[in-house]
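First listed ligand is number 1; within each ligand, the first listed atom is number 1.
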Amino acid sequence: MVWSGILIYWAHDIYGGFFPAWFYSAFSIDHRLAEGMAVHFAIGWPLVVSGVLYLAMLIVSGHWREIVPDREAFRLLVPTILGELKLAKHPPRTRKFNAAQRFAYTGLIFVVALEILSGFAIYKPVQLRWLSALLGGHESAHLIHFIAMVLIVLFFVVHVIQVVRAGWNNFRSMVTGFEVKE
Ligand code: HEM
Ligand code: HEM
């Protein structure tokens, strides 16, 4: 989505200078608007469907209780971040997801929802005028779509660094759905 979004962005570079000229030429981004839109909308629908299924499962299974920040998460957020950055001795131990994960995962659900809603708002500004208005108008919806993209990229970078730090067993359980006790 980010890649195809950049192919679209090239054609209408409104935040001029965000991507320098060498970036466009190095990755041959120029003049690929049609391709960018085709890919953006083709991958967008599976994203919407899997997002809705994920949310439904999160609620039905009660798994949301492990993700939404509880009272302990508010208390442990700062010590957890300091611990992960090795600025304090140990990140506090929690049952499944630590305080920083709870905030990141819950926040991300809202950011992705906002990305999808703002995407539809700028896609159909006339038919979905109410949605566009809700997001502060067309220009504002556009900016929200862009800022949410930056937040998703930031999450992704930190998330994958943490996955590498957490190790193979953790990754395997995320892929298979089973935890291996050692
Ligand atoms: C993770 C999900 C998504 C990401 C990371 C993403 C990212 C981007 C980026 C970076 C751009 C170019 C920025 C710009 O033109 O301001 C863009 C443009 C666009 N996106 Fe998305 N997008 C996502 C989901 C969606 C969805 C679900 C839709 C629904 C229709 C959508 C519709 C659009 C449209 C219509 C444009 C063109 C905006 C214009 O007129 O310039 N996007 N997207
Ligand atoms: C933008 C893309 C991604 C998003 C939005 C995302 C989102 C999430 C969310 C919401 C969770 C909590 C899962 C739950 O509901 O129980 C999670 C966990 C996890 N994700 Fe991702 N993820 C992304 C990319 C990745 C990638 C690329 C990897 C692997 C390289 C990965 C590996 C993991 C692992 C191993 C966990 C489990 C963490 C734990 O049990 O402590 N994720 N991710």
For [atom], which protein heavy atom lies nearest, and how many Å away is it?
| atom | result |
| --- | --- |
| atom 34 (C) of ligand 2 | Met174 CG, 3.4 Å |
| atom 17 (C) of ligand 1 | His145 CD2, 3.4 Å |
| atom 36 (C) of ligand 1 | Ile122 CD1, 3.9 Å |
| atom 40 (O) of ligand 1 | His142 CE1, 3.7 Å |
| atom 18 (C) of ligand 2 | Tyr105 OH, 3.5 Å |
| atom 31 (C) of ligand 1 | Gly119 CA, 3.4 Å |
| atom 39 (C) of ligand 2 | Asn170 OD1, 3.4 Å |
| atom 1 (C) of ligand 2 | Phe156 CD1, 3.4 Å |
| atom 2 (C) of ligand 1 | Glu115 CG, 3.5 Å |
| atom 37 (C) of ligand 1 | Ile8 CG2, 3.6 Å |
| atom 12 (C) of ligand 1 | Gly5 O, 3.0 Å |
| atom 28 (C) of ligand 2 | Val163 CG2, 4.4 Å |

**Asked** Do Gln101 and ligand 2 have an N or O pair less than 3.5 Å apart?
**Response** yes

**Asked** Side chains of Ile29 and Trp3: does their closest heavy-atom pair fall under 4.5 Å?
**Response** yes

**Message:** Could you tell me if the side chain of Arg102 sits less than 4.5 Å from the side chain of Ile67, heavy atoms only?
**Reply:** no

**Asked** Tyr123 and Trp45: aromatic ring centres closer than 6.0 Å?
**Response** no

**Message:** Check for me whether the distance between the ring centres of Tyr105 and His159 falls short of 6.0 Å.
**Reply:** yes

**Request:** Please test Tyr9 against Phe18 for ring-ring contact (aromatic ring centres under 6.0 Å, His included), starting from the C-alpha separation and ending with a verdict.
**Result:** CA-CA 10 Å; Tyr9 181 82; Phe18 188 91; 7.0 Å; no

Nearest option to [atom], as decided by whichever heavy atom of [options] sits closest:
| atom | options | answer |
| --- | --- | --- |
| atom 5 (C) of ligand 2 | Leu108, Ile161, Asn98, Leu58 | Leu108 |
| atom 42 (N) of ligand 1 | Met1, His40, Lys124, His12 | His40 |
| atom 25 (C) of ligand 2 | His63, Arg102, His159 | His159 |
| atom 10 (C) of ligand 2 | Tyr54, Phe155, Trp168 | Tyr54 |

**Request:** Decide if atom CZ of Phe23 counts as having more than 12 heavy atoms of other residues, nucleotides or ligands within a radius under 6.0 Å.
**Result:** yes

**Request:** Could you tell me whether Tyr15 atom OH has more than 12 heavy atoms of other residues or ligands within 6.0 Å of it?
**Result:**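 Enclosed.
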
**Complete:** To the nearest 0.5 Å, atom OG of Ser118 lies from atom NE2 of His138 at 11.0 Å

**Message:** To the nearest 0.5 Å, what is the distance between OH on Tyr54 and CG on Leu47?
**Reply:**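 Here the interatomic distance stands at 13.0 Å.
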
**Request:** Consider every N or O of Tyr123 and every N or O of ligand 1, then say whether any pair is closer than 3.5 Å.
**Result:**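 There is no such contact.
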
**Request:** Just do the side chain to side chain donor-acceptor pair (under 3.5 Å) check on Gln101 and Gln162 with the steps written out, would you?
**Result:** CA-CA 10 Å; Gln101 282 177 295; Gln162 291 294 70; over 6 Å; no

**Full working for salt bridge (charged side-chain N to carboxylate O under 4.0 Å, His left out) between Arg165 and Glu84** = CA-CA 10 Å; Arg165 288 181 62 199; Glu84 291 291 330; 3.3 Å; yes

**Item:** Under 3.5 Å donor-acceptor, Thr94 side chain and Lys96 backbone
**Value:** no

**Message:** For His40 versus Ser4, what's the shortest heavy-atom pair and its separation?
**Reply:**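 For His40 and Ser4, the tightest heavy-atom pair comes out as ND1-OG, 2.9 Å.
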
Of all the atoms in ligand 2, which lie at a distance below 4.0 Å from a heavy atom belonging to [X]?
| X | result |
| --- | --- |
| Phe171 | 29 (C), 30 (C), 35 (C) |
| Val160 | 27 (C) |
| Phe97 | 16 (O), 39 (C), 40 (O), 41 (O) |

**No-hydrogen, no-angle side-chain donor-acceptor test under 3.5 Å, Glu139 and His142** =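 There is no such pair (donor and acceptor under 3.5 Å, judged by atom type) between the side chains of Glu139 and His142.
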
**Complete:** Here the atoms of ligand 1 under 4.0 Å from any heavy atom belonging to Leu47 are 1 (C), 2 (C)

**Request:** Check ligand 1 against Phe146 and write out every atom of the ligand that is under 4.0 Å from a heavy-atom position of the residue.
**Result:**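 By the 4.0 Å cutoff, the relevant atoms are 13 (C).
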
